[in-house]
Every structure is written in structure tokens, then in C-alpha cells.
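Heads up: numbering here begins at 1 and tracks the sequence.
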Amino acid sequence: QVQFVESGGGLVQPGGSLRLSCAASRSISIYTMAWYRQAPGKQRDLVASITPRGSTNYADSVKVRFTISRDNTKNTIYLQMNSLKPEDTAVYYCNTGLKTFSWGQGAQVTVSS
């Protein structure tokens with residue numbers, strides 16, 4: 001089992017930036033890792049993923065604006081979010097690309113003026 005702790009969320013104005021971190025309790029180097037988000041009343045959707053070798057994939061809604069990265073020496077993945085929009089408001093979670101493990105508490109991101 002692997003536990004995830006997401007951090008870095010907060011309140012930001014439209015056009016602003018945030019960097020989320022997801023710390024895993026043990027090595028995640030063999031897994032494709034991903035960020036997901038869930039807005040109120042909506043399902044949890046895939047935002048971005050990164051393979052063990054560093055290949056990335058993004059939802060159309062966040063392409064160009066968001067960047068996923070990983071540091072396997074720290075068992076951590078990151079999500080750099082730029083040019084944030086109100087529709088990016090959600091709780092952000094990390095997990096493997098197959099949602100293998102239990103969900104963490106998530107990081108609340110609120111984009112509002």
C-alpha cells in the first residue's frame with residue numbers, strides 16, 4: 001500500500017499560479033503517476049499523467065497551462081499550474097494512472113477574484 005499526501009493548494013486569483021506536491025509513503029518510481037481533480041457535484045477526472053520515464057499526457061482543458069513532473073528520489077510528483085481559471089477550482093488528488101491505491105485527502109484549489 002502507498003499513502004499520498006497532497007499539498008500546495010490555496011486561493012488564487014484568475015491568471016495566477018500554484019504548484020501542487022504529492023508525497024508518497026514509499027517508492028513510486030515504477031508507476032505511471034497522475035493528478036486528478038474533482039469539482040463540487042462532479043466526477044473525479046484525470047488532469048495529467050507521467051510515465052516512469054517522464055512522458056507526459058494532459059487533459060485538453062489544461063494543456064499548455066499545467067505541467068506535471070516527478071522526482072523519484074523524493075517519492076514526489078508535482079503539478080505546476082499557470083494561467084489558472086475559475087473552472088480549475090476543485091480538489092486535486094494524486095494516484096497511479098490506474099488508481100491503484102487509496103486516495104489521500106487532496107488539495108483544495110480555489111480560483112476566484
Requested in this report: Provide the closest heavy-atom pair for Thr76 versus Ser21 in the form atom of the first, atom of the second, distance.
Outcome: CG2-CB, 4.4 Å
Report task. Examine Leu98 and Tyr58 and state if one hydrophobic cluster contains both, with Ile, Leu, Val, Met, Phe, Trp and Tyr joined whenever side-chain heavy atoms are less than 4.5 Å apart. Result -> no
Requested in this report: Using atom types as modelled and distance alone, determine if a side-chain donor or acceptor of Asn75 lies under 3.5 Å from a backbone N or O of Ser25.
Outcome: no
Query raised in the report: Step by step, would you call Ser112 with Thr110 a side-chain hydrogen bond (donor to acceptor under 3.5 Å, both in side chains)?
Result: CA-CA 6 Å; Ser112 175; Thr110 302; over 6 Å; no
Requested in this report: Using the rule that two of Ile, Leu, Val, Met, Phe, Trp, Tyr join whenever any of their side-chain heavy atoms come within less than 4.5 Å, decide whether Tyr78 and Ile68 are in one cluster.
Outcome: no
Query raised in the report: salt bridge (charged side-chain N to carboxylate O under 4.0 Å, His left out) between Asp88 and Lys85: does it pass, once the steps are laid out?
Result: CA-CA 5 Å; Asp88 295 318; Lys85 304 176 180 180; over 6 Å; no
Requested in this report: Provide the closest heavy-atom pair for Val47 versus Tyr92 in the form atom of the first, atom of the second, distance.
Outcome: CG2-CE2, 4.4 Å
**Report entry** Verdict with supporting geometry, Glu6 and Trp35, side-chain contact (heavy atoms from CB on, under 4.5 Å)
**Finding:** CA-CA 10 Å; Glu6 297 92 348; Trp35 283 97; 4.0 Å; yes
Query raised in the report: After noting the C-alpha distance and the side-chain angles of Gln105 and Val5, does the key distance pass the side-chain contact (heavy atoms from CB on, under 4.5 Å) rule?
Result: CA-CA 7 Å; Gln105 85 287 352; Val5 178; 4.1 Å; yes
Requested in this report: For ring-ring contact (aromatic ring centres under 6.0 Å, His included), just list the numbers for Tyr36 and Trp103, CA-CA rounded to whole Å, side-chain angles, deciding distance to a tenth of an Å, and then say yes or no.
Outcome: CA-CA 10 Å; Tyr36 302 83; Trp103 297 99; 5.2 Å; yes
Query raised in the report: Is there a chain of hydrophobic side chains (I, L, V, M, F, W, Y, each step under 4.5 Å between heavy atoms) that links Leu20 to Tyr93?
Result: no
Report task. Go through the steps to decide whether Thr89 and Gln108 satisfy the test side-chain contact (heavy atoms from CB on, under 4.5 Å), and finish with yes or no. Result -> CA-CA 8 Å; Thr89 295; Gln108 175 69 52; 4.2 Å; yes
Report summary line: Looking only at heavy atoms, the pair that brings Asn82 and Ser17 closest together is OD1-OG, 3.0 Å
Report task. Identify the heavy atoms of Ile28 and Arg70 that sit nearest to each other, and give their distance. Result -> O-NH2, 2.8 Å
Requested in this report: First locate atom CD of Gln13, then atom CG of Leu11, and finally report the distance between them rounded to the nearest 0.5 Å.
Outcome: 8.0 Å
Report task. Show the numbers, then the answer: is there a side-chain contact (heavy atoms from CB on, under 4.5 Å) between Leu84 and Phe66? Result -> CA-CA 9 Å; Leu84 282 161; Phe66 290 11; 3.8 Å; yes
Report task. Find out if a path of hydrophobic residues (ILVMFWY) with successive side-chain heavy-atom gaps under 4.5 Å connects Leu46 to Leu79. Result -> no
Query raised in the report: If every non-hydrogen atom of Ser113 is compared with every non-hydrogen atom of Pro14, which pair is closest and at what distance?
Result: N-CD, 3.7 Å
Requested in this report: Kindly indicate whether the side chain of Met33, heavy atoms from C-beta on, has any atom under 4.5 Å from the side chain of Thr96.
Outcome: yes
**Report entry** Cluster link Val62 to Val64, ILVMFWY, side chain under 4.5 Å
**Finding:** no
Requested in this report: Compare all side-chain heavy atoms of Ser69 with those of Gln80 and state whether any distance is below 4.5 angstrom.
Outcome: no
**Report entry** Closest heavy-atom pair and its distance - Gly9, Val109
**Finding:** CA-CG2, 4.2 Å
Query - Rounded distance [0.5 Å steps], OG in Ser7 versus CZ in Arg19 - result: 9.5 Å
